[in-house]
Amino acid sequence: MATKADMAEIFQLEQGAFGTHCYPDFLFRQLLDLWPSYLLVAENEAALSQLPVGALLGYTLGGVGEAKSQGWVLSLAVTEQARGLGIGKALLQHLIGRLTEEGCQQLRLTVHPDNSAAGLYHALGFEHESTEPDYFGPNEPRQVLLHTV
Ligand SMILES: CC(C)(COP(=O)(O)OP(=O)(O)OC[C@H]1O[C@@H](n2cnc3c(N)ncnc32)[C@H](O)[C@@H]1OP(=O)(O)O)[C@@H](O)C(=O)NCCC(=O)NCCS
């Protein structure tokens with residue numbers, strides 16, 4: 001789980017990964033109060049010698065819908081230096097576990113049709129449910145992927 005000390009690094013990673021589509025910094029701070037168990041981080045435990053021990057390597061954010069059976073994976077990002085090491089997959093598996101423990105039976109996420117990260121989601125059981133051509137506004141298509149637990 002994230003702590004207040006992780007906030008600046010999470011936002012830096014978020015900005016680098018998602019640019020103009022990043023969540024604002026203050027949202028992370030408020031999510032820490034609201035949903036601490038769905039804001040998960042991976043930190044360097046010395047495996048990556050070019051980064052200090054404790055440096056943020058990745059984070060994921062989830063949420064539970066008004067209907068408690070409906071969970072969402074809202075964000076997933078890993079720092080460029082740490083990609084391809086299994087960290088994204090491990091974060092996502094932990095989040096799926098947390099959401100499932102809370103009683104979610106259907107998990108959803110959105111991914112841009114051009115984002116090859118969809119491969120990771122398919123590997124963990126997410127399947128294409130729908131495509132919205134303007135999910136985040138004009139020319140912002142997203143695929144909605146569904147994982148049924
Ligand atoms: C997507 C992302 C989180 C993946 O993190 P990662 O730590 O590099 O992924 P992992 O090393 O855990 O990969 C796990 C598996 O998914 C596959 N995978 C990961 N990213 C992939 C990609 N972009 N394209 C295709 N396959 C991918 C890996 O090959 C690996 O497969 P394996 O288990 O068969 O070896 C990372 O690339 C990232 O932060 N991207 C920028 C932000 C982003 O696009 N987030 C997703 C928004 S929907």
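In listed order, ligands and their atoms are each counted from 1.
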Review point. Which word best sums up how the rings of Y121 and F126 line up, parallel for under 30°, tilted for 30 to 60°, or perpendicular for over 60°?
Key: perpendicular

Review point. Should we count CD of Q50 as having more than 12 external heavy atoms under 6.0 Å?
Key: yes

Study note, to complete from the structure: Protein neighbours of ligand 1 with a heavy atom under 4.0 Å, given by chain and number, are A17, F18, L76, A77, V78, R83, G84, L85, G86, I87, G88, K89, T110, V111, N115, S116, A117, L120, Y121

Review point. Can you find a side-chain donor-acceptor pair between E14 and Y59 that sits under 3.5 Å?
Key: yes

Review point. Can you say whether the rings of Y23 and F28 are parallel (under 30°), tilted (30 to 60°) or perpendicular (over 60°)?
Key: perpendicular

Check your understanding: Can you tell which of H122, E129, E127 makes a side-chain contact (heavy atoms from CB on, under 4.5 Å) with L145?
Key -> H122

Review point. Do L76 and W35 belong together in a cluster built from hydrophobic side chains that touch within less than 4.5 Å?
Key: yes

